[in-house]
Amino acid sequence: MSDTTPKSIQSPCVRNCCLNTDDVCLGCGRTLDEIRAWSALSDAERHEVLQRSEHRRRQIQTNWRL
């Protein structure tokens, strides 16, 4: 049975899509695989993706300042 209930955790997309050499979006910090899978993920999985992507975004910002 398909789950048609809307997910409560919205996409972190900021419409600044540009992938680096590791296939990580410089706008939201998600990997290309995470972006592709987003609509099928549960809220728990989305939460995990958001945690990982926030960590990546911080790393990108820190490295950019160097």
Side-chain angles (χ1 to χ4, degrees):
M1 178 178 221
S2 173
D3 180 14
T4 58
T5 305
K7 305 290 186 209
S8 61
I9 299 176
Q10 299 300 310
S11 168
C13 181
V14 293
R15 305 289 187 251
N16 186 21
C17 304
C18 182
L19 298 177
N20 67 13
T21 57
D22 296 322
D23 281 341
V24 173
C25 177
L26 299 178
C28 70
R30 293 180 293 167
T31 65
L32 184 57
D33 289 339
E34 290 169 340
I35 293 167
R36 287 180 181 151
W38 185 262
S39 62
L41 298 177
S42 68
D43 279 349
E45 292 167 321
R46 287 180 178 194
H47 183 70
E48 291 173 10
V49 167
L50 290 176
Q51 287 181 322
R52 289 191 304 265
S53 66
E54 180 60 27
H55 178 74
R56 285 188 210 107
R57 283 187 335 112
R58 285 188 198 135
Q59 285 182 320
I60 290 167
Q61 290 172 349
T62 298
N63 291 338
W64 187 255
R65 290 182 195 136
L66 295 177

With rounding to the nearest 0.5 angstrom, report the [atom1] to [atom2] distance, [X] to [Y].
X: Asp22; Y: Leu32; atom1: CG; atom2: CG; answer: 12.0 Å
X: Cys28; Y: Asn16; atom1: SG; atom2: CG; answer: 9.5 Å
X: His55; Y: Arg57; atom1: NE2; atom2: CZ; answer: 12.5 Å
X: Arg56; Y: Leu26; atom1: CZ; atom2: CG; answer: 12.0 Å
X: Glu54; Y: Gln59; atom1: CD; atom2: CD; answer: 11.0 Å

Shared hydrophobic cluster, Leu41 / Ile35 (ILVMFWY, side-chain heavy atoms < 4.5 Å):
no

His47 versus Asp43: any side-chain heavy-atom pair under 4.5 Å?
no

Ser11 versus Arg30: any side-chain heavy-atom pair under 4.5 Å?
yes

Which heavy atom of Cys25 sits nearest a heavy atom of Cys17, and at what distance?
SG-CA, 3.9 Å

Minimum-distance pair of heavy atoms, taken over all atoms of Ile9 and Trp38
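The pair with the smallest heavy-atom distance is O-CZ2, 3.7 Å.
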
